[in-house]
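Treat the numbers as computed from the prediction; the structure is a model and nothing was measured. Just follow the structure's listing: the first ligand is 1, and inside any ligand the first atom is 1.
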Amino acid sequence: MQRDISRRRVWVLWAVFVFLTFLCAGSSGSPHHVQLPDLYEASIAELQDGLENGHFTSVDLVKAYFARIEEVNLQGPTLRAVIELNPSALQQAAELDLERRTLGPRGPLHGIPILLKDNIATRASDGMNTTAGSFALLGSIPPRDATVAAKLRAAGAVLLGKANLSEWANFRGNVPSGFSGRGGQATSPYFPLANPSGSSSGSGISSAIGLAAAALGSETDGSIISPSSRQNLVGIKPTVGLTSRAGVIPISENQDTVGPMARSVADAAIILTAIAGRDPLDNFTLAAPAHVPDFSKALKKNALHGVRLGVPRLFLSGNPNIDSAFNASLLTLAKLGATIVDPAEFPDANELLASDNETIVLNTDFKVNVEEYISGLTKVPTGVKTLADLIAFNIAHASQELIPPFWADQSQFIAAENTTRDAAYFAALAADHDLGRTRGIDATLAKFKLDAIILPTDGFASGPAAVAGYPVVTVPLGFQPDTVVATPARPTINRAPGLPFGLSFLGTAFSEFELVGYAFAYEQATHTRLKRLAFPEAIPKTQLADIMKK
Ligand SMILES: *[C@@H]1O[C@H](CO)[C@@H](O)[C@H](O)[C@H]1NC(C)=O
Ligand SMILES: *[C@@H]1O[C@H](CO)[C@@H](O)[C@H](O)[C@H]1NC(C)=O
Ligand SMILES: *[C@@H]1O[C@H](CO)[C@@H](O)[C@H](O)[C@H]1NC(C)=O
Ligand SMILES: *[C@@H]1O[C@H](CO)[C@@H](O)[C@H](O)[C@H]1NC(C)=O
Ligand SMILES: *[C@@H]1O[C@H](CO)[C@@H](O)[C@H](O)[C@H]1NC(C)=O
Ligand SMILES: CC(=O)N[C@H]1CO[C@H](CO)[C@@H](O)[C@@H]1O
């Protein structure tokens, strides 16, 4: 009897063994045989596919990204891209993994880790701070998630942490891009100690080398597209009003906008679709179309067929390497079916270049809008209420905030302090809209019958779109050649071999769907991004397989 049972057990075990061997041999779905995505470049679609097929979990992804951040943030090349990790991220990833198993995925962002610029508020229960990089807001409690953060969360994304930035989105004073008191000096992963540009510096660095699937940045004038260009990324600066600024530490209600910084147009389109839309907490969004399109539907390789693109030569960068790559891109765009109108100058280009009305608008808006943001906080442990308080805070905490020789300035705060919304302010705002929209982008589109305007992102691409509040999409265009001699580090390097630069598509209000299509067609025809990688020490080694072995 005994013997019979054990014999039967051996037989059953044998059958199970044979069955499993057969299964493994016949299926590529086993974790031991699948090709896990390389996190340096993994697309959101690849990550979603791996999650959906059970090749790895969102918990694995969060652990892998945490380990990658650890490798390069304060160690190795000390890129200082990330200020804080979300202490609740692993728990949230586990819940999203369970939800996937029981109910299925919410959509393309389910379980995907995304970093937020440190001016985008997150609910206190997560345990993260929202400070624009300043100690003045450390421990402050926002009433709720910023609307864009809430929308990412609702789409199933894991908010991985907060990215470093130029403090106060570069509105404190004359300070190198990528520095904040809390995060220190961020640098580019494309050349040791290189200027990462800003102000969404950490979002750009993190997205470029796979410290997250992608990141959100914000732009007032150049702060998404410039670090995207410098970090070899796709950046979308949406029309002011397409994405809500509620819960985002502001510079200017007239110019601020939140958008994705990602490794591909497809990834950026997925994120923009999730964060766009009207919001009762930000009345500028009421100007946006009621219906948000699925920007992924714009991803067509033939999107440039029959499209007219204009080149406002007066706004070019003046850098010969960038301008020659830009000139070459015109041939590519023409091959893709576009008609290039070159030159297509803004009718009042010189007036726009000379105008300094933007300074009046931003200085005045900053004082009003930042005080509004602070007054909406539930708790501010440092007690700051006004811009005057922030200036005094910096002086009282100079060793953390006003650090010589490079980071001591707060002249922008001081200039903004002495402003009011007077007649001169409203005249300056009207002049910006007139010069940027009516006599600017819209006049140029109409005069040359254009669908969009193209420019190297480095140069004057952000300016007209900034004062108009109009959209820009940047995609990788090229790299500074190896013959470029690196300039000295003060404390960052402004010119160096291998530094990436981008190509910008500008359009009228709410033309993102079209611009995304043009950018996608160009990206798919060129695949510039992987033609040059970050410098070796800046490429994190940890991959999903290392996490899953443990
Ligand atoms: C947020 O700041 C507080 C100090 O006010 C600190 O104790 C806490 O660790 C910070 N949160 C994170 C996630 O770093
Ligand atoms: C938003 O509301 C403020 C007052 O609450 C008003 O001054 C402003 O004009 C409104 N803006 C838009 C775009 O509706
Ligand atoms: C780019 O093309 C323009 C117009 O054809 C030309 O004037 C300019 O010299 C070119 N720039 C470079 C750097 O090749
Ligand atoms: C504002 O724009 C108007 C119209 O172009 C111009 O006359 C004025 O000089 C500008 N002001 C500043 C401060 O640039
Ligand atoms: C501050 O504003 C006052 C009144 O408008 C003006 O007289 C003064 O020159 C301004 N100070 C600075 C530093 O701009
Ligand atoms: C996540 C992380 O590494 N955060 C660090 C960012 O930089 C500051 C200043 O060096 C550190 O205190 C944080 O720990």
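The protein heavy atom nearest to atom 13 (C) of ligand 6 is Ile83 O, 3.9 Å. Among protein heavy atoms, the minimum distance from atom 14 (O) of ligand 3 is reached at Asn327 ND2, 3.2 Å. For atom 5 (O) of ligand 3, the nearest non-hydrogen atom of the protein is Arg313 NH2, 4.5 Å. The shortest contact between atom 1 (C) of ligand 1 and any protein heavy atom is with Asn129 ND2, 1.5 Å. Of the protein's non-hydrogen atoms, Leu138 CG, 3.9 Å is the one closest to atom 4 (C) of ligand 1. Of all protein heavy atoms, the one lying nearest to atom 2 (C) of ligand 6 is Asn73 ND2, 3.4 Å. Ranking protein heavy atoms by distance to atom 12 (O) of ligand 6, first place goes to Arg182 O, 4.9 Å.
The distance from ligand 1 to the heavy atoms of Glu84 drops below 4.0 Å at these ligand atoms: 1 (C), 10 (C), 11 (N), 12 (C), 13 (C), 14 (O). Residue Ser324 has at least one heavy-atom neighbour below 4.0 Å for each of these atoms of ligand 3: 13 (C), 14 (O). If you number the atoms of ligand 6 from 1 as listed, the ones under 4.0 Å from a heavy atom of Arg80 come out as 10 (O). Within the listing of ligand 3, atoms 13 (C) sit less than 4.0 angstrom from a heavy atom of Pro320. When each atom of ligand 6 is checked for a heavy atom of Val82 under 4.0 Å away, the hits are 2 (C), 4 (N), 6 (C). For ligand 1 and Gly139, the ligand atoms under 4.0 Å from any heavy atom of the residue are 5 (O).
Residue-environment remark: CD (Glu70) stays at or below the threshold of 12 foreign heavy atoms within 6.0 Å.
There is a protein heavy atom less than 4.0 angstrom from atom 10 (O) of ligand 6. Within the 4.0 angstrom cut-off, atom 9 (O) of ligand 3 has no protein heavy-atom neighbours.
Between Phe413 and Phe366, the ring planes lie parallel to each other; the angle is under 30°, not in the 30° to 60° tilted range.
Contact detail for Pro189 and Ile209: the closest heavy-atom pair is CB-CG2, 3.6 Å. The two residues Tyr190 and Arg230 make their nearest non-hydrogen contact at CD1-O, 4.1 Å. The nearest pair of heavy atoms linking Gly204 to Leu233 is O-CD1, 3.3 Å. Contact between Ile44 and Leu109 at its shortest, heavy atoms only, is CD1-CD2, 4.1 Å. Pairing each heavy atom of Pro312 with each of Ile454, the nearest pair is CD-O, 3.4 Å.
Ligand 1 lies within reach of Leu85, whose nearest heavy atom is under 4.0 Å from it.
Ser229 and Asp458 share a donor-acceptor pair across their side chains, judged by distance under 3.5 Å alone. For the 3.5 Å distance criterion, the side chains of Asp267 and Ser43 fail to qualify, holding no donor opposite an acceptor.
Without hydrogens or angle criteria, Asn86 side chain to Leu159 main chain gives a donor-acceptor distance under 3.5 Å.
Contacts of Glu70 with ligand 6, taken as heavy-atom pairs under 4.0 Å, are absent altogether.
Ligand 6 has no nitrogen or oxygen under 3.5 angstrom from a nitrogen or oxygen of Leu74. Checked by distance only, ligand 1 and Gly127 come closer than 3.5 Å through their nitrogen or oxygen atoms.
One finds the CG atom of Leu309 at 6.0 Å from the CG atom of Leu304 (value rounded to the nearest 0.5 Å). In this structure, the separation between CG on Leu316 and CG on Leu455 is 6.0 Å, given to the nearest 0.5 Å.
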